[in-house]
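For reference, the structure discussed in these notes is given below.
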Amino acid sequence: MKVRSGLIRKGFLVYIILSLCTIGVIFAITVSKKNWKDFFNFKVQYVIPVTTATTIRWIVEGLGLKILIDSSSKLQISLWKTTKMRLECLFASIAVPIVGGNSMFQIYLLNREKLSIGESIAVASIRDVLPLLILFLSIPVLLLLGFHGKSHFFVTFVRVATLPVLFILLFFIVSLFYPHKIKKLISGILNFVEKHHWIKIEKIDQIRTSLHREMDILSASLKLYLKERKRALFFASLCFFVTFLVECSVAYFIMKGINFNPNLKQSYAIQFFLKPILYLAPSPGGSGFNEFGYMGFFSIFLPKYLVGGAVLMWRSFNAYLPTIIGGILLTKDLKLKIPINKIN
């Protein structure tokens, strides 16, 4: 299969429209006629730390990927190239309408750099797993640093999203360390579906084979790094943790630029709690979920009429700008013809 420019443009357009429509709704809910111009009092000097934090965030993420690659092969790859890969994968995950687009495209890029398919899958799998594990382990940070919700919207959002997210993360972790148990569960569910003729038998066999293979790959990759590449796993984890810290600082500097001085510990704690929810958001680039999630976050620290502007600025630096850069790099690098079938 080849993903052409028209399809990529449509995917990116859907993402932008969905995200901006959500922000438009937030503006309609929060902004008043009397105060809508107040956000333009943003202190321009804070654009520098916001931009710097965004840049560092992607460089450190590229460094984490480079560490994983260096440990898995003799290939020497530059930091610029791994950073570029992550930006291109961000764009691919948003614009290419295939399940697991980010991971599949990462595997393709790694294989294009002469890593074997097996090593490419291992590196991409670990790169996907580590942020989830770090986020899951970071949830207690909220309790350690202290949090007292002042936003009814935020508290409601967290209550609704927490249980399913924790269930998904727990299921994911168990599937990594005890894949045989999850395989039995999946087989039981598929046998039940087959018994009631809800899906064709041929498709059930395909689904079973595919899910079993994916879990075997993820589990084997993690065990490989835990046994033979502990050092790389530690430093890559450290890079991804720093990535989250720097990413959280963007929202903090935006609030400082609006002339508000939020509690630093509380700001980081709440965002670390939000990350697992937003990381698993079932929409292109987390559109909708990210905007409403940070609407609740900013409403804790800012007056209502400033929340919409803060969300728009945060989303611009956190997503729109990196996505556009990734799209430009991807267009230049691959000329918009991506042979995805090569990685299957």
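All residue numbers refer to positions in the sequence shown, counting from 1. Keep in mind that what you see is a predicted model, and the values were worked out from it rather than measured.
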Completion exercise
In terms of heavy-atom contacts, G62 and L79 come closest through C-CD1, 3.7 Å
Exercise for the section: Kindly give the heavy-atom pair with the smallest separation between A310 and L302, and that separation in Å. Expected result: CB-CD1, 3.7 Å
Exercise for the section: Identify whether F317 and Y46 are in the same connected component of the hydrophobic contact network (ILVMFWY, side-chain heavy atoms under 4.5 Å). Expected result: yes
Fill in the blank from the handout: By ring pair (Phe, Tyr, Trp, His ring centres under 6.0 Å), F240 pairs with (sequence neighbours left out) none
Exercise for the section: Side-chain contact test, heavy atoms from C-beta onward, threshold under 4.5 Å: evaluate it for S249 versus F253 and give yes or no. Expected result: yes
Fill in the blank from the handout: d(M85 CE, I77 CD1) to nearest 0.5 Å is 3.5 Å
Exercise for the section: For the residue pair Q106 and R86, establish whether any side-chain heavy-atom pair is separated by less than 4.5 Å. Expected result: yes
Problem - Gap between atom OG1 of T22 and atom CG of L312 - 0.5 Å precision - result: 12.0 Å
Practice task
Supply the atom-to-atom distance I325 CD1 to K84 NZ, rounded to the nearest 0.5 angstrom.
Solution key: 13.5 Å
Practice task
Measure across F260 and P303 and return the closest heavy-atom pair with its distance rounded to 0.1 Å.
Solution key: CZ-CD, 3.2 Å
Practice task
Using the rule that two of Ile, Leu, Val, Met, Phe, Trp, Tyr join whenever any of their side-chain heavy atoms come within less than 4.5 Å, decide whether L87 and I56 are in one cluster.
Solution key: no
Handout entry: Donor-acceptor contact below 3.5 Å, side chain S71 vs main chain L68
Key = yes
Completion exercise
Closest non-hydrogen contact found for K256 with P262 is CD-CD, 4.3 Å
Exercise for the section: For W58, enumerate each residue passing the ring pair (Phe, Tyr, Trp, His ring centres under 6.0 Å) test, keeping only those at least two apart in sequence or located in another chain. Expected result: none
Problem - Carboxylate-amine/guanidinium contact E61 R127, below 4.0 Å - result: yes
Problem - Distance, nearest 0.5 Å, that separates CD1 of I328 from OG1 of T323 - result: 11.0 Å
Practice task
Treating Ile, Leu, Val, Met, Phe, Trp and Tyr as nodes and any side-chain heavy-atom pair under 4.5 angstrom as an edge, say whether V50 and V47 lie in one connected cluster.
Solution key: yes
Exercise for the section: Check whether any side-chain heavy atom of F297 lies under 4.5 Å from a side-chain heavy atom of M255, and answer yes or no. Expected result: yes
Fill in the blank from the handout: In short, C239 meets V60 closest at the heavy-atom pair O-CG1, 3.2 Å
Practice task
Nearest 0.5 Å please: distance from the OG1 atom of T83 over to the CD atom of E88.
Solution key: 11.0 Å
Practice task
Compare all side-chain heavy atoms of I59 with those of L63 and state whether any distance is below 4.5 angstrom.
Solution key: no
Practice task
Find out if a path of hydrophobic residues (ILVMFWY) with successive side-chain heavy-atom gaps under 4.5 Å connects V311 to L321.
Solution key: yes
Fill in the blank from the handout: Residues passing the side-chain hydrogen bond (donor to acceptor under 3.5 Å, both in side chains) test with S267, sequence neighbours excluded, are Q271
Exercise for the section: Please identify each residue that fulfils side-chain contact (heavy atoms from CB on, under 4.5 Å) with T30, with sequence neighbours left out. Expected result: I26, M295, K304, V307
Problem - Closest non-hydrogen atom pair between A124 and L110, with its separation - result: N-CD1, 4.2 Å
Practice task
Side-chain contact test, heavy atoms from C-beta onward, threshold under 4.5 Å: evaluate it for Y15 versus Y320 and give yes or no.
Solution key: yes
Handout entry: Ring geometry between W314 and Y294 (parallel below 30°, tilted from 30 to 60°, perpendicular above 60°)
Key = parallel
Exercise for the section: Mind checking salt bridge (Lys or Arg N to Asp or Glu O under 4.0 Å) for E291 and listing every partner two or more places apart, or none if nothing turns up? Expected result: R315
Practice task
Indicate, with yes or no, if F235 and V242 share a hydrophobic cluster defined by side-chain heavy-atom contacts under 4.5 Å among Ile, Leu, Val, Met, Phe, Trp and Tyr.
Solution key: no
Completion exercise
Separation between CZ (F298) and CD1 (I300), nearest 0.5 Å, reads 10.5 Å
Practice task
Keeping the roles fixed (side chain from K43, backbone from N259), state whether a donor-acceptor pair exists under 3.5 Å.
Solution key: no
Practice task
May I have all residue pairs that pass salt bridge (charged side-chain N to carboxylate O under 4.0 Å, His left out) and include part of residues 15-27, sequence neighbours excluded?
Solution key: none
Practice task
Would you please indicate if the ring centroids of F241 and F244 are separated by under 6.0 Å?
Solution key: no
Handout entry: Heavy-atom side-chain proximity of F91 to P322 below 4.5 angstrom
Key = no
